[in-house]
Every structure is written in structure tokens, then in C-alpha cells.
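Worksheet: the structure to be examined is printed underneath.
Because the structure is a prediction, the values reported are computed rather than measured.
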Amino acid sequence: MHRRFIVPSALAATLLLAIPAAAAPGTVGAPGIGDPYYPASGNGGYDVSHYDLRLKYQPKTDLLEGTATILATTTQELSRFNLDFGLDVSEVRVNGRKAGFATSGDHELEVTPAQPLAKGRAVSVVVRYAGKPSALKIGGWTAWARTPDGGVAAQEPDSAVWWYPSNDHPLDKATYDISVSVPDGTQAISNGVLQSQSSKLGWTRFNWRSDKPQATYLSTLAIGRFDVTTDRTADGLPVLNAYSKDLGPHAGAARASIERTTEVAEWLTGVFGPYPFNALGGYVPNVTSGFALETQTRPFYSPKQFANGANVSVVVHELAHQWYGNSVSVDGWKEIWINEGFARYSQWLWSEKEGEGTAQELADYVYAQHPADDPFWKVKPGDPGPDKQFDIAVYDRGALALQALRNEVGDEVFFELLKGWPTERAHSNANVGDFLRYAERVSGKPLAALFDTWLYRPSRPAGPAVAGAGLAGKALSDGRVQRPASWKKIAATNTVHDHGDRGHRHDAAEGRPGHDHR
């Protein structure tokens, strides 16, 4: 999803507790972290290390009450700083003392500490708040989906604004404790490991922990009535899958796909190296959207992903993101190829493993599908622009780039790259240039021209570039390239990132377009 940012007028800013800026000398943290695609995303002046969220949610009314404790370190002297948040705030404390706060723009919470904060100081921020997430509209839409028995927070590139205050950008990852109280008989599903569950006076509290750095858009919360399956991998990793009790005709296909999560994850460890997190699983709430999302440790799947039967390919895609996108995250949203090119290519590798078409055959087919005048070639996967961030070209052309790289360096080096990169860069952020330099170092080959051809030029590669990439293809007698057997299942996941209008192609969901993980 893309956000549309509106410059607020003086009248649009709502002052909730006035402490004059002049009374607090120092510097003001930037209202954005500096991402050119989303200038208002994130904030400057501090780095978050941990979020502790204590929440209460009533499904009947959609009322969410919360206390968020944010642990951070200042990166500059601060007389004021921002958090990204949209619900109504009743109190803010900084290091235990009441702070001034005001709102501005679509989702800026401006916090003025009682005393300026020195650079390099550990800071605790407590925010008390309440509101109905589905009623919060930013750019005319909400990232919180109501369900018949609860609600769900899952969106990209952001969803935290609707349910907790944060530094909402992948560049500032943190660990999480998420504690949610819901009416008895209702469950709360989130990231990581379920630490405990207890009931009192008609309410049940679920306590979840993610102990590895996690981007804000990868946090998730699903409240409703679920059938839950649990298991452990051969290595002892806890596995938890959850399915809404009212999935109707999609229930069987959803289970048949997601119950293979452990199998897929074990296979991916052979491709990408050790699994980077403390838990595994997936969940399918009763939503009307059509997308899926790699929410950390526990991907979100819309029931529509299984409308035509079981599809393990979408599970492969979302689990591949645990390495490429979640552990190694983008340092800016233009670097989306770091996420999507590799997740798509993992589907090609699964096809190869299953004997349903090699990655080379899939590359040949994709290349042949798009003639030189196809707009597909105008999108640059290495910097697609915010309106094309989740275009099909980022996925399929992004995977073509990886096949070209594989043919250039050979299988041995290529699979060394796939496994070594998420190991070397675990729990950090990176960009396409970082991966290029890594690939050149490991392969010993100059690769800048190859990356430029496949990721940055707005035209269909031809001639020597295509020959070098091995995209000859096996043509049929009529000149067409043979369609691999896996193509139908892979193409069925082309709505996997239909998250929200914002210039993408999305399917209509919850009264707005969706986001497309292709």
C-alpha cells in the first residue's frame, strides 16, 4: 500500500497539551526518516530497541485501548521528537515524566519532553491511547480490517499507525512484547512465541514475544475465533498456525497449504541457510482481501489465496521473505528488489525441486511473454518508483535478474551467494548496491553491467545480454515457449501483495484496492 501524504494546515494540527517549543531549547527530530518514496514514514533523532504493547480489544465495538512502552536511544539532542500514530492519545511520559504532545499531518504525534534529551541517552516513552482502528482513515483508507469476530492489522509498507505508536520504517527495527486482552472464547494471534495465556473476569490475555529485530510493518495482530494447530520442527522450533473458524469453502485448501509450512521452511534452510527467528507458522483470518504478507514468523494469508485450491507456492513466497525482507530488510523502499526478487525466485526454485519446471524454463517463459513494447520493461526493479513498487515487473523481472546472475557465476557460486548473504547480513538492513558488492566479492567477477541491464534499464534486454543470461528458450513449432507446469500456481500468487491502492494494481478489498505480491 502507498500512503498519500497531505501537508497539514495550521488549523489541521490538533494541540492536545501545550508546552511552548521555546521553553525547551535543543533540536527537533525530523518528522520523516528520509525515505524518498515515503517522506513522512519514520522519524529522526532516535533508534528504537524494544516495543512493549499492552492492549485490550473489544471485537463488538472495535475499541482498542493500549499502553505502549518504547525503549530507544537518542541519536541527537532532542527538544522534541515525533512518533507515527493515528489513534487518540490521552497521556505521554518520557523517562517517567509527563510530556507535552500534539498531532499534525496524517499520523504525526509530536512529543515534547519536560527536559531536552541529550544525544546518546537511553529513553523510555510511554503512550496511553484508545480508538477504533477501522475508523482511522489516512488518505481515505484504513489498514485495519474488521472481521465477523474481530479485527486484523496486516499491511505493507505500514500498518503500525493504526494500532500502536512507532518509528514506522524498516530502517528502525526492534524487538517486541505484545500482550493482548480479549473476551473469553476469542484469541489474539501475533508474532513470535506465545509466552503465556491467562483468563480473568471474562477476559483472556495472550502474551507474545519476538526476540529478534523486526520492522514495524512486519508486526501483526489478529483477533477472532481460530482453530489453532501447534507443533515443533525437528530442531525444536515452535510452529503455530491459525485458521478462522468461518473460512467456508476455502478452509480445506488453506490448511492443506499452510500445514506444509514446516516442510517448506526446512527446504528453504537448505537454500538460504539457518532459519533466522524464534518461531514459525501462518494464519488465515476471515477477511475479504486477496493479498498475503510476510509478517515476521507468522505470515498473513487471505482466504482468497486458496480460492482455486491448495497452493504451496504462496507459502514458499512468504517464508522466503523471512530471510529476504525480514532478517535482511530494505534500508529504503526503493530497494524492494531485495525482498521481492528473491521471494519470487524462491517459487521458481520450488518448482525446480518439485519437477514442475526449472528456474531456467520459467525465466524463458517470462521473457517470451513480454515483447519489447510491453510496459513490463519500463519498470526498473532496482528503483521502480513508489507507484510501481509492487508491480509485477519487480517480481518477475526481479527474478529474471537472479537467473541471469546464476548463469553468469554458475550454480556453485550462486547458491553460495543465496545462503551467505542472509547469514552475513542477518537482522540488518541493506540495499541493492550492497548485494552487488557482495556478489562481486564472492564471485570474483564484475557484475555491475549485469545488474544495470536487468534491474535499472527501462527496456527489454536483448542481444548479448540475453545470450549471456541463457535466455534462449525452448520454442514450440509455432514459436511459442513451452509453459512450465508450475506456472499456473505461481501466477495464482500474483495478488499476494495486493495491499492497497497507492498506485499499485490491487484487488478490491474492504472497499479499497489491495496490494500485489506477485
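No more than 12 heavy atoms of other residues, nucleotides or ligands lie within 6.0 Å of NZ in K119, so this atom counts as exposed by the packing criterion. By the neighbour-count criterion of 12 heavy atoms within 6.0 Å, atom CG of D374 is densely surrounded, having more than that number from other residues, nucleotides or ligands. Atom CZ of R209 sits in a sparse spot, with 12 or fewer heavy atoms from other residues, nucleotides or ligands closer than 6.0 Å.
Identified under the salt bridge (charged side-chain N to carboxylate O under 4.0 Å, His left out) test for residues 29-53, with sequence neighbours left out: none. Under the salt bridge (charged side-chain N to carboxylate O under 4.0 Å, His left out) criterion, no residue pair touches residues 319-338, with sequence neighbours excluded.
Residues forming a ring pair (Phe, Tyr, Trp, His ring centres under 6.0 Å) with Y345 (at least two apart in sequence, or on another chain): W348, F414. Judged as a salt bridge (Lys or Arg N to Asp or Glu O under 4.0 Å), and not counting sequence neighbours, R121 has no contacts. Partners of K488 by salt bridge (Lys or Arg N to Asp or Glu O under 4.0 Å), not counting sequence neighbours: none found. Annotation: ring pair (Phe, Tyr, Trp, His ring centres under 6.0 Å) contacts of W323 (sequence neighbours excluded): F272, Y275. Contacts of R460 classified as side-chain contact (heavy atoms from CB on, under 4.5 Å), with partners at least two apart in sequence or in another chain: Y367, A372, W377. Applying the salt bridge (Lys or Arg N to Asp or Glu O under 4.0 Å) criterion to D411, with sequence neighbours excluded, gives R406. Contacts of A265 classified as side-chain contact (heavy atoms from CB on, under 4.5 Å), with partners at least two apart in sequence or in another chain: L280, L319. In this structure D452 satisfies the salt bridge (Lys or Arg N to Asp or Glu O under 4.0 Å) test together with R457, sequence neighbours excluded. Partners of L194 according to the side-chain contact (heavy atoms from CB on, under 4.5 Å) rule, which considers only residues two or more places apart in sequence or in another chain, are Q197, F206, W208. Looking at residues two or more places apart in sequence or on another chain, you find no ring pair (Phe, Tyr, Trp, His ring centres under 6.0 Å) involving W454.
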- Query: Could you go step by step and tell me if V48 and S166 meet the side chain to side chain contact (heavy atoms under 4.5 Å, CB included) rule?
  - Reply: CA-CA 8 Å; V48 178; S166 71; over 6 Å; no
- Query: How far apart are the C-alpha atoms of S41 and D168, what are their side-chain angles, what is the distance that settles it, and do they pass the side chain to side chain contact (heavy atoms under 4.5 Å, CB included) test?
  - Reply: CA-CA 6 Å; S41 287; D168 197 9; 5.8 Å; no
- Task: Apply the test ring pair (Phe, Tyr, Trp, His ring centres under 6.0 Å) to residues H427 and F277: give CA-CA distance (whole Å), side-chain angles for both, the deciding distance (0.1 Å), then the verdict.
- Result: CA-CA 10 Å; H427 309 301; F277 301 116; 5.7 Å; yes
- Message: Please evaluate residues V366 and F376 with respect to the criterion side chain to side chain contact (heavy atoms under 4.5 Å, CB included), reporting the C-alpha separation (whole Å), side-chain torsions for both, the decisive distance (0.1 Å), and the verdict.
- Response: CA-CA 11 Å; V366 167; F376 175 88; 4.2 Å; yes
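Here the side chains of V314 and S257 are not in contact, with every heavy-atom distance at 4.5 Å or above. Residues W163 and L221 are in side-chain contact: their nearest non-hydrogen atoms beyond the backbone lie under 4.5 Å apart. Considering only heavy atoms from C-beta on, N167 stays 4.5 Å or farther from T216 through its side chain.
In this structure, the side chain of E340 does not engage the main chain of Y395 through any donor-acceptor pair within 3.5 Å. Under the 3.5 Å distance criterion, the side-chain polar atoms of N43 are matched with a main-chain donor or acceptor of N82. Judged by distance alone, with hydrogens and angles left aside, the side-chain atoms of Y283 form no donor-acceptor pair with the main-chain N or O of P299 at under 3.5 Å. Formation of a donor-acceptor pair under 3.5 Å by the D84 side chain with backbone atoms of G42 is found in this model. One N or O on the side chain of S49 and one on the backbone of L71 form a donor-acceptor pair closer than 3.5 Å. A donor-acceptor pair under 3.5 Å is absent between the side-chain atoms of N278 and the main chain of G192, judged by distance alone.
Classified by interplanar angle (parallel below 30°, tilted 30° to 60°, perpendicular above 60°), the ring pair Y301/F306 is tilted. Classified by interplanar angle (parallel below 30°, tilted 30° to 60°, perpendicular above 60°), the ring pair F435/Y438 is tilted.
No hydrogens or angles considered: nothing links the side chains of D396 and Y365 as a donor-acceptor pair under 3.5 Å. In this structure, a donor-acceptor pair under 3.5 Å is absent between the side chains of S219 and Y51. No hydrogens or angles considered: a donor-acceptor pair under 3.5 Å links the side chains of T493 and Q347. Neither side chain, T295 nor T220, offers a donor N or O lying under 3.5 Å from an acceptor on the other. A side-chain N or O of W162 and one of T142 form a donor-acceptor pair less than 3.5 Å apart.
Screening H321, K173, E318 for a side chain to side chain contact (heavy atoms under 4.5 Å, CB included) involving N326 leaves a single residue, H321.
Outside the 6.0 Å centre-distance limit, the rings of Y164 and F85 are not counted as a close aromatic pair.
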